[in-house]
Amino acid sequence: MTTRHMTLRVNGAEYDVAAAPDTLLLDALRYTCGLTGAKLGCGTGDCGACTVTVDGEAVNSCLVYVLECEGHPVETVEGVTASGIGAVVAEEFVKADAVQCGFCSPGIIMSTCALLARTEPGAVTDEDIKEALAGNLCRCTGYVPILDAVRRASGARR
Ligand code: FES
Ligand code: FES
């Protein structure tokens, strides 16, 4: 299959990616950019372990072709503390003990950042959180500390 070189912007840095039409964003991030925070769980859009943001929107990177991302900035968990929102989210996830094995955490943190970026500080409701995280599965925590961390992160931005 023909490949072509493209520039992928991730966490503010530019990467040269040799992309075939079927190269997934997740694979480009992990194997070309060396950013292994986003995980391959199901590969079918059901678990959210691969969640990153593209243009600020949370997406399953296992379902997105990297060529679609040319000119559209990508953020991953590796860059999360570079933004004010991300730094607060990371801190509150640690404080709330919302990370156990950590496999789901990069995706949940990126979904949370996308939610808080489109919501007024302190205005996030439990329904908003459940809707935003509906595509992110966690096998360890039972979700209670995760919900707590997101509430606290929203409140911390007041
Ligand atoms: S690996 Fe992408 S949604 Fe599960
Ligand atoms: S912390 Fe283990 S899957 Fe969520």
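Both ligands and their constituent atoms are indexed starting at 1 by order of listing. We count residues from 1, following the sequence as given. Atoms considered below: every heavy atom in the structure, side chains included; atoms not considered: hydrogens, waters and symmetry mates.
Atom CD of Glu70 is surrounded by more than 12 heavy atoms from other residues, nucleotides or ligands within 6.0 Å. In this structure, Arg118 places its CZ atom where more than 12 heavy-atom neighbours from other residues, nucleotides or ligands lie under 6.0 Å away.
The closest protein non-hydrogen atom to atom 3 (S) of ligand 2 is Arg139 N, 3.2 Å.
Atom numbering of ligand 2 starts at 1 in the shown order; those under 4.0 Å from a heavy atom of Gly102 are 1 (S), 2 (Fe). The Cys104 neighbourhood of ligand 2 comprises atoms 1 (S), 3 (S), 4 (Fe), with distances under 4.0 Å to a heavy atom of that residue.
If you chain together hydrophobic residues whose side chains sit under 4.5 Å apart, Val80 and Val74 never meet in one group. Val66 and Leu26 fall into different hydrophobic clusters, where Ile, Leu, Val, Met, Phe, Trp and Tyr are joined by side-chain heavy atoms under 4.5 Å apart, directly or via other members. Residues Val54 and Leu8 share a hydrophobic cluster, clusters being chains of Ile/Leu/Val/Met/Phe/Trp/Tyr side chains in contact below 4.5 Å.
Legend: protein N/O/S atoms lying under 2.8 Å from atom 4 (Fe) of ligand 1, waters omitted, number 2.
Qualifying side-chain hydrogen bond (donor to acceptor under 3.5 Å, both in side chains) partners for Thr2, counting only residues two or more places apart in sequence or in other chains: none.
Atom 2 (Fe) of ligand 2 has Cys140 among its coordinating residues (N/O/S atom, backbone or side chain, under 2.8 Å). At least one N/O/S atom of Cys101, whether from backbone or side chain, sits less than 2.8 Å from atom 2 (Fe) of ligand 2.
The residue from Asn11, Thr53, Thr51 that alone fulfils the side chain to side chain donor-acceptor pair (under 3.5 Å) condition with Thr76 is Asn11.
Between Thr125 and Glu127, the side chains place no donor N or O within less than 3.5 Å of an acceptor N or O (distance only, hydrogens not considered).
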